[in-house]
2 protein chains.
Amino acid sequence: MPSRHQGTEEESLALDLTIKLARAAQALMNRVMGQIVAAGVSPSQFGVLDALYHVGPMTLGDIAKKHLKSPNNMTSVVDTMERSGLVERRRCEQDRRVIYVDITDKGREIFSKLWPSHVERIVDAVSTLSPQEQVDLAALCKKLGQAPIECDGSHD
Amino acid sequence: MPSRHQGTEEESLALDLTIKLARAAQALMNRVMGQIVAAGVSPSQFGVLDALYHVGPMTLGDIAKKHLKSPNNMTSVVDTMERSGLVERRRCEQDRRVIYVDITDKGREIFSKLWPSHVERIVDAVSTLSPQEQVDLAALCKKLGQAPIECDGSHD
DNA sequence: ACAAATTAGTTCGATATGGAAAGAAATCAA
DNA sequence: TTGATTTCTTTCCATATCGAACTAATTTGT
């Protein structure tokens, strides 16, 4: 029987951190997005609405960048949202490759109804932590997230 | 920092934390799972292999619980893995509703080849943080993740 | 001006995921 | 025993996600 890879202290620590981080992020998301999803707007869609509402019309590529997702993805999300009447595409006249996505009145109305309680839920969800802990956690997350991109000198 | 939504300090803090947490978790996952995926094993599949390799045969329901995912989901993941020959289903003789999933020799071999370098990558990825910071981050994540489940008194 | 390279979006195929409902087997109630 | 309920798994449908290949429009190189 393979004895569970009794790793070093360092390894246990890293594995443990990875799991807890993933769990925390998922738990928070589940908790916070529940009501949004119940309102018929998926998390991705809500993110797009957020960007368009607060920033203004954006190209598909920019939206994708903002979400750290691939643009082929945004096509499908925006397709769905367009079908629901939340957003609309508009071709740029100057550069006809570019397509602007803009929020519709309906989208604006729905988003503005969801946003305040969304913020409330987030505040509530993180209130398990003291303000100082929230700051610390954010800082540690930022530091971890900004880890240098490994240029993959790997080879087995 | 031009913030959208001019909210209270508390709200900015919470929103900021939420974003950074999600980003950190995603960045870490992307970074760590890259090689696994390159080896032809999806993150979900790797998780299943991990459980089966280290714990032994499990029912679909238990695997789903372990991953905090829904069981209807596991059916599809296990389907794919069975097709690839990584695992196999075995019906329980006592309770014929139950299906045990077990790792195959092929699955065991593939997993045992991927696991050590996987751990290495994780250690490497979190090494941006000092051991103390890793402990702190894990603790904060745990605390946040264990936030009381809102029993949702709103039964309409 | 025309071919090549680049850029923006889209399409396709595969995987993952969740909710709802169906199927199958076990258990419980009368 | 039979019918109702519960439990485990599957199926169906919709969404999301990514990589690869494709189309269309712009820019660049010669």
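Basis for what follows: all heavy atoms, side chains included, without hydrogens, waters or symmetry-related copies. Letters A, B, ... are given to chains in the order of the sequence lines, protein chains preceding strands, and every chain is numbered from 1.
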Self-check item: Those residues that, when tested against S70(A), pass side chain to side chain donor-acceptor pair (under 3.5 Å) (two or more places apart)
Solution: N72(A)

Quiz item: For dT17(C), does either OP1 or OP2 sit under 4.0 Å from a side-chain N or O belonging to S44(B)?
Solution: yes

Quiz item: Given dT15(C), is OP1 or OP2 found less than 4.0 Å from the side-chain N or O atoms of S76(B)?
Solution: no

Quiz item: Roughly how many Å is it from CE in M33(A) to C1' in dG18(C), rounded to a whole number?
Solution: 14 Å

Practice problem: Using only side-chain N and O atoms of N72(A), determine if any of them is under 4.0 Å from OP1 or OP2 of dC18(D). | Solution: no

Exercise. Provide, to the nearest angstrom, the distance between the CE atom belonging to M29(B) and the C1' atom belonging to dT17(D).
Key: 16 Å

Practice problem: Ignoring backbone atoms, test whether R89(B) places a side-chain nitrogen or oxygen under 4.0 Å from the OP1 or OP2 oxygen of dT10(D). | Solution: yes

Quiz item: Hey, does S70(B) reach any base, or is it just sugar-phosphate, or nothing, if we go heavy atoms under 4.0 Å?
Solution: base

I'd like a table of atom pairs between the protein and nucleotides 22-29 of chain D - only N or O on both sides, under 3.5 Å - with the distance next to each one.
unit_1: dT26(D); atom_1: OP1; unit_2: R96(A); atom_2: N; d: 3.3

Exercise. Would you mind reading off the distance between I36(A) atom CD1 and dT15(D) atom P, rounded to a whole angstrom?
Key: 17 Å

Practice problem: Please state how far atom CD1 in I99(B) lies from atom C1' in dA26(C), giving the value in whole angstrom units. | Solution: 15 Å

Quiz item: How would you list, by chain and number, every residue that makes a side chain to side chain donor-acceptor pair (under 3.5 Å) with K113(A), sequence neighbours excluded?
Solution: E109(A)

Self-check item: Members besides I99(B) in its Ile/Leu/Val/Met/Phe/Trp/Tyr cluster (side-chain heavy atoms under 4.5 Å)
Solution: none

Exercise. Kindly give the heavy-atom pair with the smallest separation between L144(B) and A125(A), and that separation in Å.
Key: CD1-O, 3.7 Å

Practice problem: Could you tell me whether the side chain of Q45(A) reaches within less than 4.5 Å of the side chain of V77(A), counting heavy atoms only? | Solution: yes

Quiz prompt | Closest to the D79(B) side chain, choosing from dT11(D), dT15(D), dC18(D) | solution = dT11(D)

Practice problem: For M58(A) and dA8(C), give me the distance from atom CE to atom P, rounded to whole Å. | Solution: 13 Å

Practice problem: Please identify each residue that fulfils side chain to side chain donor-acceptor pair (under 3.5 Å) with N30(B), with sequence neighbours left out. | Solution: none

Quiz item: How do S84(B) and P71(B) order along DNA chain C: which one's closest nucleotide is nearer the 5' end?
Solution: S84(B)

Exercise. Return the value, rounded to whole Å, for the distance between atom CG of N30(A) and atom P of dT17(C).
Key: 12 Å

Quiz item: Roughly, in whole Å, what's the span from NZ in K69(A) to P in dG9(C)?
Solution: 18 Å

Exercise. Looking only at side-chain atoms of T59(A), point me to the closest of dT15(C), dG9(C), dT17(D).
Key: dG9(C)

Exercise. Send over the distance from N73(A) CG to dA20(D) P, rounded to a whole Å.
Key: 15 Å

Self-check item: Contacts of Y53(A) that satisfy ring-ring contact (aromatic ring centres under 6.0 Å, His included) - sequence neighbours left out
Solution: F111(A)

